[in-house]
Novice: 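Shown below is the structure under consideration.
Values below: every heavy atom of this structure, side chains too, minus hydrogens, waters and symmetry copies.
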Amino acid sequence: MHPMSNAGISFGGLASGLDTKAIIQALVAIERRPIAALEQKKTSLGKQKSLFGDLRGLLGKLETAAKALKTTSDFLVRKASSDKEEIVTASAGSAASAGTYNLRVVSLAKAQVNASSGSASPSASLGAPGTLQLDVGGTTQFIAVGGVVNGVTEPPTLERIAAAINAADDANATGVRAEVGDTGNSGNNRYQLVVRSEQAGTASGFSISYDDGDPAFQAVINSVGSNVLTQASDARVQLNGGVTVTRSSNTISDLIAGVTLELKSDASPTQSVAITVSNDSTATTKKVQDFVDAYNKVVDFLADQNQLDADGKAKGPLFGDSTLRALRAGLRTIAGSAVPGTGNASFQLLSQLGVKADTAGKLTLTATALAEALATDESAVAAVFTSSANGIAGRVVAQIDVYTDSVDGLIKNRTEAFDRQSKDATTRITQAERRLTSFEKQLEQKYANLEQLMGRLQSQGSSLGAFFSRR
C-alpha cells in the first residue's frame, strides 16, 4: 500500500497502512475546539473583571475629588494672614468669614517653672527618705522619695526627687515634670532641680513643699517651692479695641470664628496686629483642577475601551459595553448641565467658570477664568458645584454611587456576573476534558483493534499466497 495524505493526516508504515497516531491526534484536536473556545471566554471574562476593577478605582478618585467640592465650606477655601507674624500668626478654616480683625497681644500664657538654688552634686544623699507635697489645681499629691529597694535603703537625691515627681505624673497625670539641670558653673550651686508645669495658664500652676524628711531634703524642697522662675499666667488678648479676654493657651481658636491664632510675643502689648481673612482662590482652583483631572481619567478609560484596531476589530473586551456607554453619557450630561438657582445667570454652567469640554468629552480648566469668576460672585460660582438640588459635585457623587455601591452597584453586579460565568466555564471545561479523555481512549482502543485485525488478515493472506504458490 502506498503512502498518501489527506487533510493533514498521513498514512503508511503500519499494519493498516494508516498513521493511526496522527489520525487520533487530529480527531482529538477537532473535539478540543469547544474547550479552547471556553478557555478563551474565561480569559476574556478575567480581563473584563479586571478592567471593571480599574474603572472602580478611577471612579473612586473622581468621587473623592467631587466630595471635596460638594459643600460651600469645602469649595470656598479661606486663608488668614497676619501683618506681624513675629507677634501672632493665623490660619483659617472653612467657617471663617472674610474680613479684617485687629488685636493686641497684651500678654502670653506661660507655664510655671520653679528651680532650687543649686547643689554640688545631683546624686549626693539628702538624708533619710522623705515625702514632698505637690498641689496642682486644688489636687494634692504626696510623693515619697527614697526608701528600701532590694533590702537597701536609698536616700533622696536631686535625681531621685525628679524621678519621683515624674513617676507621679506618669501614674496620676499631675501635669508637673522635673529634671536636674547642669548650669555648668563650678562650686556648690552647679546642679539645680527644675520643676515645671507641662501646660501654660494659671489653672496649671502648682505649689511644692515638704511633708517630712531630713533637713537637707527639706532645704531643697523649700528652695524649689520659693524660687519661681516663671509664674503661671493666662494669655490676654484684646480684639478690635474691645474687652480684653484671657485664655489658658497661646493657641486660641475660639476668639475669631473659624480662625486659629498662635500668639508668639507680648514684647509690644500696645502694638495692633491686623488679621485678614480672605478667599484662597489658589486652593479652590487646585480642588477644581483635581476634579477635572480625575474626570478626564475616567473619560480616557471609557474611550480606550471603545477603540478599533487596524483591521476594524474591537481592541478590548469591553468594546461597546452598555454599562460604560451609560456611564459616559451620564457624566457628559452632568458636566454640560446648567445649575439653576445660583442667584446669577452668568454663573450656572461649568463653561462659565472656565471649565470647558472638548468634542471627546474631556474637561479643561482655565485658572484665570475661574479666579475672575470667584472675584465676581463667589457664592454663585460655589453654587454651581455645591447646590444641594443640582450641584455638579453632588450629582457626580450620586452618579458614581450607582456604579460603585457595595450592595447593589452596577460594577458589583457585573463583577459577580463575570465570576458566575467564569465558574460555569471552568465547570464546563472540566467536564469536556473528561469527555475528551474518554473519547481519546476509545479511539486508541478502536485503532488498536483495527491494527490487530489488519495484522491477522495480512498473516492469513500471506499463508494463502504461500499455499497457492506451492501448487
Novice: Provide the closest heavy-atom pair for D212 versus P129 in the form atom of the first, atom of the second, distance.
Specialist: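 The answer is OD1-O, 4.5 Å.
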Novice: Could you list the residues that satisfy side chain to side chain contact (heavy atoms under 4.5 Å, CB included) with S379, not counting sequence neighbours?
Specialist: D377
Novice: Show the nearest heavy-atom pair for residues D214 and G127, with the distance to one decimal.
Specialist: OD2-CA, 3.3 Å
Novice: Is there any side chain to side chain donor-acceptor pair (under 3.5 Å) pair reaching into residues 242-251, and which pairs are they, with sequence neighbours excluded?
Specialist: R247-D254, T251-E262
Novice: Please check if the side chain of T131 supplies one atom and the backbone of D211 the other of a donor-acceptor pair under 3.5 Å.
Specialist: no
Novice: Among residues at least two apart in sequence or on other chains, which ones pass side chain to side chain contact (heavy atoms under 4.5 Å, CB included) with D54?
Specialist: S50, L51, F301
Novice: With sequence neighbours left out, which residue pairs that include part of residues 210-248 fulfil the ring pair (Phe, Tyr, Trp, His ring centres under 6.0 Å) condition?
Specialist: none
Novice: How about L410 and V402: do any of their side-chain heavy atoms sit closer than 4.5 Å?
Specialist: yes
Novice: Do T64 and K67 make a side-chain contact, defined as non-hydrogen atoms from C-beta onward lying under 4.5 Å apart?
Specialist: no
Novice: Could you work out, with side chain to side chain contact (heavy atoms under 4.5 Å, CB included) as the rule, every residue matching D321, not counting sequence neighbours?
Specialist: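 Applying side chain to side chain contact (heavy atoms under 4.5 Å, CB included) to D321 gives F52, L318, T323, L324, R414.
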Novice: Identify, with sequence neighbours excluded, every residue that meets side-chain hydrogen bond (donor to acceptor under 3.5 Å, both in side chains) alongside N172.
Specialist: Q141
Novice: List for me each residue that meets side chain to side chain contact (heavy atoms under 4.5 Å, CB included) alongside V136, sequence neighbours excluded, and say none if there are none.
Specialist: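 For V136 the side chain to side chain contact (heavy atoms under 4.5 Å, CB included) partners, ignoring immediate neighbours, are L134, V176, F206.
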Novice: Which residue pairs satisfy the ring pair (Phe, Tyr, Trp, His ring centres under 6.0 Å) criterion with at least one member in residues 236-290, sequence neighbours excluded?
Specialist: none
Novice: With a sphere of 6.0 Å drawn around NZ of K49, does it hold more than 12 non-hydrogen atoms of other residues, nucleotides or ligands?
Specialist: no
Novice: Going by side chain to side chain donor-acceptor pair (under 3.5 Å), name the pairs with one or both residues in residues 347-362, residues two or more places apart or in two chains.
Specialist: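 Sorted pair list: D300-K362.
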Novice: Is any side-chain heavy atom of V339 less than 4.5 Å from a side-chain heavy atom of L350?
Specialist: no
Novice: With a 3.5 Å cut-off and no angle check, do the side chains of D266 and S107 form a donor-acceptor pair?
Specialist: no
Novice: Do you know which two heavy atoms are closest between R190 and T183, and how far apart they sit?
Specialist: O-OG1, 2.8 Å
Novice: Counting C-beta onward and ignoring hydrogens, is there a side-chain heavy-atom pair between V245 and L239 closer than 4.5 Å?
Specialist: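 Result no, sub-4.5 Å side-chain heavy-atom pair not found.
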Novice: Using the side chain to side chain donor-acceptor pair (under 3.5 Å) rule, collect all pairs that involve residues 380-392, keeping only residues at least two apart or in two chains.
Specialist: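 As it turns out, the side chain to side chain donor-acceptor pair (under 3.5 Å) pairs with a partner in residues 380-392, which skip direct neighbours, are T72-T386.
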Novice: Please list all pairs passing the ring pair (Phe, Tyr, Trp, His ring centres under 6.0 Å) test where one or both residues lie in residues 359-384, with sequence neighbours left out.
Specialist: none
Novice: Would T276 and S278 count as having a side-chain donor-acceptor pair, cut-off 3.5 Å?
Specialist: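 There is no such pair (donor and acceptor under 3.5 Å, judged by atom type) between the side chains of T276 and S278.
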Novice: For the pair K286 and D290, find out whether any cationic side-chain nitrogen is under 4.0 Å from an anionic carboxylate oxygen.
Specialist: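 Looking at D290 together with K286, the answer is yes, because their closest N to O distance falls below 4.0 Å.
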Novice: Do the non-hydrogen side-chain atoms of F291 and V396 ever get within less than 4.5 Å of each other?
Specialist: yes
Novice: Any side-chain heavy atom of L327 sitting closer than 4.5 Å to one from L55?
Specialist: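 A side-chain contact exists here, since the closest heavy-atom pair is under 4.5 Å.
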Novice: Quick one: list whatever passes ring pair (Phe, Tyr, Trp, His ring centres under 6.0 Å) with F75, sequence neighbours left out.
Specialist: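 Applying ring pair (Phe, Tyr, Trp, His ring centres under 6.0 Å) to F75 gives F385.
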Novice: Consider side chain to side chain contact (heavy atoms under 4.5 Å, CB included). Of V194, L193, V228, which one does N114 pass it with?
Specialist: V228
